[in-house]
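The structure presented is a predicted model; accordingly, all values stated were derived computationally and were not measured.
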Amino acid sequence: MSSFFSVAGKTALVTGGGGGIGRMIAEALVEAGAKTYIVGRNAEKLAGTVEALSGKGACIALPGDLSTTEGVAAVAAMLAGLETRLDILVNNAGSMYEAPIDQFTEEGWDSVVDLNLKSVFFLTQALLPLLRAAATPDAHAAIINIGSIGGLRIGPKENYSYQAAKAAVHHLTRGLAKRLAGENITANVIAPGFFPSEMTPIDDPKIKDMMIGLVPRRRLGTQEDIGGTVIYLASRAAGFVTGALIPLEGGMAI
């Protein structure tokens, strides 16, 4: 059975891989034997993650700004100069903007939608040649998009562009799945709930306790939760799974 869930020897790219959920995913892939590239705007943070994970396997930084189509093209070109195939693409990079509805700005809207939604489509498009090169009937290439519980239910924050972008990522993933299934490329989306990250700070014990109180499982998400789900979707075990949305939120969306 262990071979069904193996990603050893595969090549992966994780956007937003320098911290938070992206780093959790990258660490899981590296430990599982996948050569893993991490993308982010903060080169120093990426370097720190590479240093931390280098003793566990192959982790390579690709600094880049995915919030523009020019930045997407640059990252795709860098990877194409290093690899001839890509087995696993994890579109995780994202940001959040929050403001009262009467004060919500166009700049705040665009900054979130450009990174959280637009980059998902155009990076996937740019990397299709590498994904196609990896995909076979017996070993699919996997697109794994990171959505959010914010795209499933409306929370207390006034983060309108984030909610809209994540819900759109959920639906976009189904479109990619239908279009690419015949090419042995799967597309699935994970909708995380509360995981420790820059978007979900847990330094204040009262805030942490409040968050846990909202989760039926009575805990926050862990690296094993998100990493294990990504590895499943990238492995042979999920070769017949495409277009799926996996809520990873301890029951919050029920």
Side-chain angles (χ1 to χ4, degrees), residues 2-18 20-40 46 49-50 53 56-62 64 66 72 75-76 78-80 82-94 119-147 169 172-173 176-177 180-181 183-190 192 223-246 248:
S2 60
S3 64
F4 293 174
F5 297 91
S6 174
V7 295
K10 293 182 180 291
T11 300
L13 183 143
V14 181
T15 69
I21 285 178
R23 177 168 172 160
M24 294 179 191
I25 293 169
E27 183 172 0
L29 288 168
V30 169
E31 289 181 340
K35 183 179 183 181
T36 304
Y37 290 87
I38 55 173
V39 180
L46 289 182
T49 299
V50 168
L53 301 185
K56 301 181 179 184
C59 185
I60 304 100
L62 288 182
L66 298 176
V72 166
V75 167
M78 280 192 290
L79 185 65
L82 298 168
E83 300 291 342
T84 59
R85 54 183 283 161
L86 179 65
D87 301 282
I88 307 162
L89 169 60
V90 182
N91 287 304
N92 164 76
S119 75
V120 172
F121 178 80
F122 285 103
L123 183 61
T124 300
Q125 180 191 65
L127 294 177
L128 276 176
L130 295 182
L131 290 164
R132 286 168 171 150
T136 70
D138 296 324
H140 66 287
I143 299 165
I144 303 168
N145 296 329
I146 306 302
V169 167
L172 170 63
T173 303
L176 295 173
L180 298 173
E183 299 185 58
N184 303 308
I185 300 173
T186 64
N188 295 288
V189 59
I190 302 169
Q223 192 259 357
E224 291 83 0
D225 295 322
I226 187 70
T229 305
V230 167
I231 287 172
Y232 161 66
L233 291 172
S235 72
R236 177 63 184 86
F240 206 50
V241 178
T242 195
L245 187 156
I246 301 178
L248 196 65

Leu130 and Thr11: CA distance, side-chain angles, deciding distance, side-chain contact (heavy atoms from CB on, under 4.5 Å) verdict: CA-CA 10 Å; Leu130 295 182; Thr11 300; over 6 Å; no
Any Leu53 side-chain heavy atom under 4.5 Å of Thr36 side chain: no
Separation of Tyr37 OH from Met78 CE (nearest 0.5 Å): 11.0 Å
Closest non-hydrogen atom pair between Val241 and Ala244, with its separation: CG1-CB, 3.9 Å
Minimum side-chain heavy-atom gap Ile21-Asn92 below 4.5 Å: yes
Check: Ala141 main-chain N/O paired with Asp87 side-chain donor or acceptor under 3.5 Å: no
Residue pair Ile143 / Leu127, side-chain heavy-atom distance below 4.5 Å: no
Test applied, side-chain contact (heavy atoms from CB on, under 4.5 Å); reference residue, Ile25; option that passes from Ile88, Ile144, Thr229, Val14: Val14
Option among Thr173, Asn145, Thr15 that satisfies the side chain to side chain donor-acceptor pair (under 3.5 Å) test with Asn91: Asn145
pair Leu29-Ile231: side-chain heavy atoms closer than 4.5 Å: yes
Backbone N/O of Gly18 and side chain of Thr49: donor-acceptor pair under 3.5 Å: yes
Val189/Leu172 under side-chain contact (heavy atoms from CB on, under 4.5 Å): CA gap, chis, key distance, verdict: CA-CA 9 Å; Val189 59; Leu172 170 63; over 6 Å; no
Worked check of side-chain contact (heavy atoms from CB on, under 4.5 Å) between Leu233 and Ile190: CA-CA 10 Å; Leu233 291 172; Ile190 302 169; 3.9 Å; yes
